[in-house]
Amino acid sequence: MNVLFINLLLALVWTFLTGSFTPNTLIEGFIVGYLVLWLASPLYGPSTYFKKFRQTISFLFFFLRELVSATLKVAYVVIKPDMDVHPGIVAIPLTVTTNTEITLLANLITLTPGTLTLDISSDRRVMYVHVMNVTDVEAFRQEIRQGFERRVGELLR
Amino acid sequence: MLVAVLSGFGLSLAAPWAVRVGRLRGWLFALLPLLLTLYFLSFTPAVMTGEAITASYNWVPSLGIQLSFYLDGLSWLFALLVSGTGIFIFIYAGAYMADEPLIGRFYAYILIFMASMLGLVLADNLLTLFIFWELTSFSSYLLIGFKHKDEAARKAALQALLITSGGGLALMAGLILLGLAGNSFEISALVAGECLTEHPFYVPTLLLILAGAFTKSAQVPFHFWLPGAMTAPSPVSAYLHSATMVKAGIYLLARFTPILGGTALWHLLLPAVGGLTMLVGAYLSLRQVDLKRILAYSTISSLGALVFLLGLDIPLAAQAAIVFLIVHSMYKGALFLIAGILEHETGTRDVTALGGLARIMPLVALAAGFAALSMAGIPPFFGFVSKELLYETTLGLQDNAILFTTLAVIANMMMVAVAVLVFVRPFTGQLVETPQQPHAVPLGLWLGPLALGLGSLAAGLVLAQVGAILIAPAVSAVVARPTAVKLALWHGVNPMLILSILTVLGGLVVYRYRHSYRRISNRLDMGRQWGPAKWYEFGLEAMLSLGRLQTRVLQHGYLRIYLLTINLVFFVLVGLTLVTKHDFAGQLPSTDLRVHEAVIAAIIAVAMIVVLFARSRLAAVVSLGVVGYGIALIFVFFGAPDLAMTQFAIETLTVILMVLILYRLPPFATFSSRGQRIRDAVIALSVGALITTLVLVSTTVTQPTLLTSYFAENSVPAAKGRNIVNVILVDFRGLDTLGEITVLGIAALGVYALLRLRTPSQRKVDLTATVETELVAEQDKSKEVEAM
Amino acid sequence: MTIVLAFLVGGLYAGGLYMMMRRSIVKLIMGLILLSYATTLLIFTVGGLTRAAPPIVPAGVSEPPVPFADPVPQALILTAIVISFGVLAFAVVLIEQTHRSVGTDDSNNLRGIEGEL
Amino acid sequence: MILELPTIILMLGLILTVARLIRGPSLASRVVAFDLMTTIGIGLIAVYAVMTGQPVFLDIAVVLALISFLGTVAFAFYLERSKR
Amino acid sequence: MGLLLLLPLLIPFVTAALALLTWRRRRIQRALALAGSIGLLVSALVLLLVVWRGGIQVVQVGNWPAPFGITFVADLFSAIMTVLGGIIAVAVVIFSHASVDSRRERFGYYPLLLFLMMGISGSFLTGDIFNLYVWFEVMLMSSFVLVALGNERAQLEGALKYVTINLVSSAIFLTAVGVLYSVSGTLNMAQLSVQLSQSRQPELITVVAMLFLIAFGIKAALFPLFFWLPASYPVAPVAITALFAGLLTKVGVYALIRVFTLLFTQDIGFTHALLLLIGALTMVTGVLGAAAQNEFRRILSTHIISQIGYMVMGLALFTPLALAGAIFFLIHNIIVKANLFLVSGAVYQLQGSFHLKKLGGLYRSHVGLSLLFLISAMSLAGLPPLSGFWAKFLLIRASLEVNQPVIAFVALGVSLLTLFSMTKIWAEVFWKNRPETAPAPKPLSTSVRLQLLLPVAGLSCLIVGIGLLAEPIFILSSQAASQLLSPAEYVTAVLGGTP
Amino acid sequence: MKPAEKDNTIPSLILLTATRYLVPVLLLFSLFLLTRGHNEPGGGFVGGLVAGAAFALYGIAHTVHDARRLLRFPPRVLIGIGLLVAVGSGLFSLFYRRPFMTGIWSVVEVPVIGKVGTPGIFDIGVFITVLGMVLQIVFELMEE
Amino acid sequence: MIQTVISAILLTLGALLMLLAGIGILRLPDVFLRMSATSKAATLGVILIMVATAVYFNDLGVTARAMGIVIFIILTVPVSAHMIGRAAYITGVPLWPETRIDELKGRYDEETHRLEGQPAESTNVNQPG
Ligand code: NA
Ligand code: NA
């Protein structure tokens with residue numbers, strides 16, 4: 001994470017140089033700094049910074065996309081005259097183990113389409129999720145495992 | 001003179017210790033009245049020349065209250081009476097109450113009384129007089145209730161106190177009015193000052209002062225406390241309730257004759273009340289069998305006679321009154337002491353249960369004989385002179401002479417009968433078996449009555465001197481001009497003498513038929529059902545009932561009704577003022593309204609209604625939260641970020657608090673009826689409407705505030721803060737905040753104590769008490785042990 | 001808005017007082033809270049309303065631009081709501097303890113020593 | 001002004017939320033409604049800050065965001081406990 | 001000098017805060033409480049002396065000139081009241097050492113007591129109407145806790161009423177302050193005095209005056225708003241009841257006198273006539289209520305109400321003498337009432353009850369205590385030359401001077417009924433024999449006896465002293481009254497001559 | 001409700017974990033409110049409430065016992081200290097022969113906070129007292 | 001100017017999302033479904049509004065606050081939803097009858113609220129009606 005620190009430093013230097021201390025210049029500075037660092041990456045030896053950074057960014061975009069689509073789905077359900085939903089509560093065995101991972105996963109699931117984390121079993125092995133439309137339970141479990149759980153695992157390890 | 005008055009108070013403080021001297025204590029205490037008597041006697045020459053000795057000490061000069069004393073003939077006479085009788089009473093009490101464990105307190109009280117009585121008669125200042133007046137009532141209360149274990153004594157003491165204090169309060173008002181009318185609180189100045197009988201205050205003043213005098217001197221219809229007061233030990237009855245205290249009213253009337261007397265009202269009220277009292281007292285006296293009650297009623301009669309005399313519109317009346325005053329004090333004092341001896345020795349006061357005691361106690365019998373003779377008005381006893389004077393006065397009246405004379409004769413006949421009764425029954429005839437075996441009476445007991453009895457005789461023998469030395473100065477003081485007094489036993493055969501003889505003969509007849517009299521009068525008796533004593537009881541009971549009723553009505557314990565009352569008061573007071581005082585001419589505040597503001601206001605209103613009608617507590621709490629958040633949003637809209645923030649934070653904490661508390665409380669319940677709910681709703685809405693009006697009205701007159709511009713200008717330069725609200729809170733008005741956080745601290749302490757402090761009984765019952773609490777308690781105990 | 005708030009304040013007073021006059025002590029709590037809201041809002045309203053101009057001096061100048069909301073009622077209210085919070089917290093716990101100790105939530109059964117007469 | 005529009009939309013949302021709050025029926029539903037109200041409130045304050053050009057109001061939104069969460073948690077906490 | 005004015009506030013405050021840090025160390029807490037109350041008394045006495053010598057004292061807290069900051073003002077009236085607060089505090093603290101159980105002592109009794117005194121002193125000395133609200137709340141909050149401290153059932157029930165009704169009163173007070181600020185634009189009482197007298201809408205001011213009347217009327221227990229008092233006073237620890245009886249309602253009276261002399265004098269014909277009526281009704285209902293009671297503390301408690309009526313009467317008559325009478329009455333009544341409660345507490349320590357039926361025989365066994373009771377009781381009934389006589393005398397004289405015989409008559413009648421109630425206690429508790437069922441008086445250790453008797457004896461000496469030395473006390477009261485009646489003096493002292 | 005039963009409810013894992021992140025944020029923000037209060041909305045009071053909320057949250061997620069440990073001081077002591085700090089800041093001006101509570105300001109500016117003055121210290125006292133008060137009440141109620 | 005337009009659009013969108021959440025909470029049939037609506041729509045709504053605010057003021061302090069709010073909302077909304085959902089389930093708030101499957105049924109310990117973590121094979125499909 002040293003590189004992140006340097007990157008932030010560069011962003012600050014940039015804002016001082018431009019003389020205007022606004023978020024815009026800070027973001028500009030960060031992008032410029034990132035480019036500079038990327039160019040100068042051999043200087044710092046092997047670092048996961050750039051990979052992690054890209055992963056984070058892509059995770060964020062993934063998350064936002066999911067959030068938007070979740071919202072649209074909800075909008076659709078809500079606005080549609082007839083209430084055509086088939087909810088259910090599904091148990092999903094967990095592969096992630098640490099508390100932070102579990103919590104992050106639970107939160108993400110809540111914020112994404114049609115799902116809502118209700119609780120984690122006391123042995124932290126199973127997550128119970130409320131689903132707006134249950135068609136195939138197993139397929140749903142797979143979806144979660146492949147989608148969020150994988151990404152969370154990648155991001156935090 | 002101050003020393004003379006205060007010496008009694010001083011000694012009373014020491015009395016509880018001074019009694020340790022043992023048997024001689026009576027003689028020891030009598031030294032003080034003896035010294036006082038000598039002291040007052042030393043003024044004899046001065047008094048005789050008509051000179052008044054004054055002494056004045058500043059007390060509360062800014063209120064015109066001085067400790068001022070004025071020794072003229074009248075006060076000198078009374079002072080001598082008080083201190084002189086005191087000598088014998090004190091000696092007597094020492095023997096009479098030899099085994100009384102609380103004798104020290106007795107002497108303390110009676111010393112207080114004596115000092116107060118001296119202060120009363122010597123005072124020149126109206127307020128000083130009043131203070132001593134009240135002190136006599138108070139010491140009388142303690143003395144009447146001296147046998148405090150006895151419920152009758154306690155009741156009688158209370159009765160006497162309430163009656164005399166009630167009169168005292170009237171007297172106080174009267175004296176204040178008098179002082180205000182005469183522009184001075186000094187009696188001597190009032191006497192010398194301009195005439196007050198035309199003053200608009202005159203009538204109320206007179207009535208109030210008479211109320212004081214009449215209650216104290218046991219005039220009808222206030223007379224009934226005096227027989228009740230016979231629960232007091234006999235020395236007290238003799239001293240207070242015959243010789244001195246009851247004469248205070250007489251003193252007052254005599255004292256105020258120059259100021260208030262001489263009017264038609266005066267000449268109407270005093271003879272009427274006094275005459276009635278004279279008759280009623282006499283009538284009731286002979287009906288009694290209890291020796292002390294007989295004497296008490298006869299005292300009432302005599303007091304009536306004194307008031308009667310003081311009210312008669314003839315110069316001689318004052319002389320007759322003063323003479324009778326002295327006569328009565330001597331014989332009645334003696335008789336009361338004798339009654340005490342009889343009770344002490346035989347264990348009864350029932351006059352029908354006694355007889356033949358002259359053989360056992362000859363000296364006492366002698367004293368009783370003297371006193372009775374004086375009472376019956378037999379020459380050469382002093383009582384004879386007094387009775388002659390009485391008849392001479394009534395006969396000399398211009399109006400109503402016959403009527404008043406008849407009254408006097410009838411009353412005096414009864415007195416003769418009483419005199420015969422109190423001497424003949426106990427002392428003559430066969431010795432009667434009594435509850436206690438009578439013994440020879442010790443010196444301390446018989447000395448007093450004998451001295452007083454002899455006094456009655458001696459005064460009759462040295463009439464000229466008595467008239468010149470004792471009577472004349474006093475009469476001069478009453479009529480406020482030098483008056484010579486010439487007393488003699490023999491004036492030749494005149495109407496008075498004939499009346500006197502008639503009186504004695506009539507009295508003997510009455511005595512002879514006393515049993516029939518008692519029977520008939522008992523049959524006619526209405527006093528027991530309709531008399532003033534009944535009124536007193538009824539009044540007391542009515543007052544208590546009223547108190548209980550009022551307590552039930554006002555102090556019923558229902559919190560919601562209390563709140564209802566507050567609401568009603570609010571509605572009435574504020575509503576009436578608003579409606580009657582305010583003209584609603586001002587323009588209404590601006591009607592400028594934004595959508596979001598309206599919506600938030602509506603949401604608050606709706607949420608509040610949900611609170612009101614919610615069936616579930618939690619729904620109500622959530623809705624309360626909505627109200628609170630809504631108000632915070634209004635704060636946002638109108639530029640109060642600090643407020644909004646705080647409101648949000650507090651609201652959330654309130655929700656947490658409610659949530660933590662509520663699940664231990666039962667669900668909402670509706671207890672009240674529909675009618676109650678509607679009533680409450682109407683009242684609540686009325687108050688709400690009033691508040692709305694108030695807000696509307698007061699926003700029309702909003703003034704630009706001085707404070708605001710000052711704070712705005714000084715916040716940054718002087719207080720170095722840009723957030724003016726915060727600067728106000730921590731700097732401009734930081735003291736408010738200091739108080740505010742103190743409240744929070746106390747509240748926290750309170751919650752802690754409420755939750756943790758359990759009563760011992762709760763500890764047992766409360767199964768939920770946590771082990772932790774108990775552990776803490778254990779630790780506390782150990783700490784407590786350390787601390788002890 | 002002043003008029004609306006005037007009615008709102010009146011309504012809150014009425015609501016609070018009505019709730020306080022219920023026999024259920026749980027409702028009494030609600031009534032107390034409503035009453036404190038009412039007072040708060042009353043001071044705010046009668047103190048004069050100014051839209052969206054907080055009494056904060058912008059950095060670099062020495063006085064706030066006029067018009068600005070009167071800070072005095074705000075400070076008063078702040079103090080008052082804090083105090084009411086403390087008092088209410090105590091009152092709520094008191095009511096709970098009373099309920100626990102006496103075992104009733106009907107204030108008619110809480111006549112206290114007056115009930116003994 | 002153009003920013004009146006979001007305010008009005010927010011008000012509509014708020015009214016609907018209040019309707020749920022009144023209707024309940026379960027306490028949980030009411031708490032959800034309350035939670036949503038605070039979220040809308042945060043939005044409203046931000047919109048108001050923009051509308052009036054007063055960024056200081058945003059601080060209120062921060063406090064609200066931080067602290068309202070606690071209220072919801074407390075309700076849930078209560079709900080669970082009241083079950084026993 | 002500036003600090004002196006704040007010491008009566010700060011000394012209890014600091015000692016209370018320190019007591020919070022020395023929680024459960026009883027000795028230290030006791031010592032702190034004693035130090036705090038003595039400090040309060042001494043500072044108040046010095047303050048009174050300074051005010052007497054040098055006129056109205058003013059300090060602008062925070063050095064902000066009036067009317068912008070908060071002003072503390074000591075005129076004679078407030079200085080007198082503060083001294084009385086100190087006297088009662090010292091007596092009650094000493095009495096508490098012997099009478100308050102260790103349970104309560106361990107749960108903040110002393111810090112609460114000190115906070116209460118802080119609130120009382122603040123209420124007396126502040127010159128700012130909102131600040132007055134704050135100190136009222138400090139005082140009330142501590143009194144709430146003290147009433148409930150102990151968690152006994154009766155206490156909780158009494159406290160519930162006490163708290164609820166006082167909260168309503170506070171809400172009305174706050175409403176009144178809000179409206180007052182709205183129509184006058186200031187909170188400083190001196191400036192308010194100026195503003196209100198120049199108000200263009202005097203009618204509205206009268207409405208505000210009614211709000212204050214109700215708010216303070218509840219605190220002062222005026223008719224018909226007194227019900228909280230008999231419900232709650234007799235349930236607290238007796239030392240606390242003594243403190244409450246002596247001071248709390250009197251703070252309400254103080255506030256009434258303050259605002260109805262300084263602020264609301266525009267419509268005397270209406271407001272003060274109303275006060276007179278209320279005063280009379282308060283007197284009568286209080287004394288009748290007391291007559292109906294059969295329990296030592298409840299008689300005394302209900303009786304407080306009646307005495308408040310006299311003070312209001314003095315205010316309502318609104319002459320120099322009447323106000324002097326009201327102040328004299330306050331001085332007298334605070335001491336006497338507190339002392340009577342202390343006596344009842346001592347009796348309770350001896351015989352374990354407050355019920356007249358279960359008491360008796362103390363006249364024989366405890367003559368000192370009996371005498372001390374008698375002094376206070378007779379002073380309350382107005383027996384000359386004790387303190388109560390002068391108070392009564394002044395008021396009666398004042399009412400007769402302005403031709404108000406009806407109120408004089410009522411006051412005298414009430415005084416007679418007071419005598420009735422006091423003699424009832426005397427007869428039942430002291431004169432009457434101890435009932436068979438009642439336990440024999442408990443033997444108390446010397447230190448306990450000393451701690452019980454010392455404060456009672458001290459206060460009794462004051463009662464006798466005030467009676468005998470009525471002149472200085474009257475001059476003091478009448479000076480204080482004349483200050484009250486000339487608000488200009490107050491205004492000039494606070495605003496520095498530029499109103 | 002014996003103590004053994006009382007805290008046996010299995011706490012929510014999600015809440016527990018979230019609390020680990022939320023509590024520091026809340027505490028930080030409370031200090032932010034405290035320090036900025038003189039110039040921006042905020043101040044000791046709101047700051048204290050937010051800080052109290054942080055500990056309360058911790059208490060709900062974990063146990064009151066843990067929350068007390070986290071706080072280190074008993075809340076009552078905090079109240080006492082807070083009151084003393086507040087009154088002490090007011091007494092400070094007496095050294096300068098000014099009336100009670102007169103603001104005394106440092107000459108030099110401290111970074112972040114700006115000029116340090118007794119009103120700021122007073123606000124700290126408010127903060128501590130409010131924190132103590134909130135926690136005293138909340139902890140007691142949660143322990144019941 | 002562009003800033004103003006962008007922020008106005010974003011604000012309107014954000015507000016609409018909140019309105020959507022409002023519609024959702026009113027229309028959806030049970031508490032769990034309602035939470036689905038609020039947790040998503042409202043969160044996105046807040047995010048949009050905060051971005052709009054940051055854009056509008058273009059000030060570091062404001063942006064920081066806006067960011068703070070967003071992060072905090074993202075952090076807390078799911079937690080609240082979980083807490084309410086769990087509490088609702090435990091207290092027996094009824095599921096909408098159309099709910100097809102309930103794998104939580106019987107897994108909570110009545111006393112301790114301990115939640116069993118069982119393998120998910122034994123799914124019991126709810127038969128509506
Ligand atoms: Na303040
Ligand atoms: Na602030």
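Each chain gets a letter, A, B and so on, in the order the sequences are listed, and its residues count up from 1. Source: prediction; values computed, not measured.
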If I take atom [atom1] from residue [X] and atom [atom2] from residue [Y], how far apart are they, to the nearest 0.5 angstrom?
{"X": "Ile9(G)", "Y": "Leu5(D)", "atom1": "CD1", "atom2": "CG", "answer": "11.5 Å"}
{"X": "Leu79(D)", "Y": "Tyr89(G)", "atom1": "CG", "atom2": "OH", "answer": "15.5 Å"}
{"X": "Thr53(G)", "Y": "Tyr48(D)", "atom1": "OG1", "atom2": "OH", "answer": "15.0 Å"}
{"X": "Arg86(G)", "Y": "Phe77(D)", "atom1": "CZ", "atom2": "CZ", "answer": "10.5 Å"}
{"X": "Leu10(D)", "Y": "Leu19(G)", "atom1": "CG", "atom2": "CG", "answer": "8.5 Å"}
{"X": "Met51(D)", "Y": "Tyr56(G)", "atom1": "CE", "atom2": "OH", "answer": "11.0 Å"}

If I compare all heavy atoms of [X] with all of [Y], which pair ends up nearest, and what's the gap?
{"X": "Ala76(D)", "Y": "Ala87(G)", "answer": "O-CB, 3.6 Å"}
{"X": "Ser80(G)", "Y": "Asp35(D)", "answer": "CB-OD2, 4.1 Å"}
{"X": "Ala15(G)", "Y": "Pro6(D)", "answer": "CB-O, 3.5 Å"}
{"X": "Ile49(G)", "Y": "Ala46(D)", "answer": "CG2-CB, 3.5 Å"}
{"X": "Met35(G)", "Y": "Val32(D)", "answer": "CG-CG2, 3.5 Å"}

Task: Heavy-atom side-chain proximity of Phe57(G) to Val50(D) below 4.5 angstrom - done: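 Sidechains of Val50(D) and Phe57(G): in contact.
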TODO: Would you indicate whether the side-chain heavy atoms of Ile84(G) and Phe75(D) approach each other to under 4.5 Å?
DONE: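 Not in contact.
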Report the option among [options] that has the most heavy-atom pairs separated by less than 4.5 Å from atoms of chain G.
{"options": "Ala33(D), Pro55(D), Ala19(D), Ala61(D)", "answer": "Pro55(D)"}
{"options": "Leu36(D), Ile42(D), Leu21(D), Ile15(D)", "answer": "Leu36(D)"}
{"options": "Leu12(D), Leu27(D), Val31(D), Ile40(D)", "answer": "Ile40(D)"}
{"options": "Asp59(D), Leu64(D), Leu14(D)", "answer": "Asp59(D)"}

Open item on the list: Does Met18(G) form a side chain to side chain contact (heavy atoms under 4.5 Å, CB included) with Leu44(D)? I'd like the steps, not just the answer.
Closed with: CA-CA 10 Å; Met18(G) 292 196 172; Leu44(D) 179 63; over 6 Å; no
Which atoms of [X] approach chain D - backbone, side chain, both or neither, heavy atom under 4.5 Å:
{"X": "Val46(G)", "value": "side chain"}
{"X": "Leu28(G)", "value": "backbone"}
{"X": "Ile25(G)", "value": "both"}

Relative to chain G, which segment of [X] carries a heavy atom at a distance below 4.5 Å: side chain, backbone, both, or neither?
{"X": "Ser26(D)", "result": "side chain"}
{"X": "Leu66(D)", "result": "both"}
{"X": "Leu58(D)", "result": "both"}

- [ ] Give the C-alpha distance, both sets of side-chain angles, the deciding distance and a yes or no for side chain to side chain contact (heavy atoms under 4.5 Å, CB included) between Thr38(G) and Thr39(D).
- [x] CA-CA 9 Å; Thr38(G) 61; Thr39(D) 313; over 6 Å; no
Open item on the list: Quick check on the interface: out of Leu26(G), Val31(G), Leu16(G), Ile73(G), who has the most heavy-atom pairs with chain D under 4.5 Å?
Closed with: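 The residue among Leu26(G), Val31(G), Leu16(G), Ile73(G) with the greatest pair count is Leu26(G).
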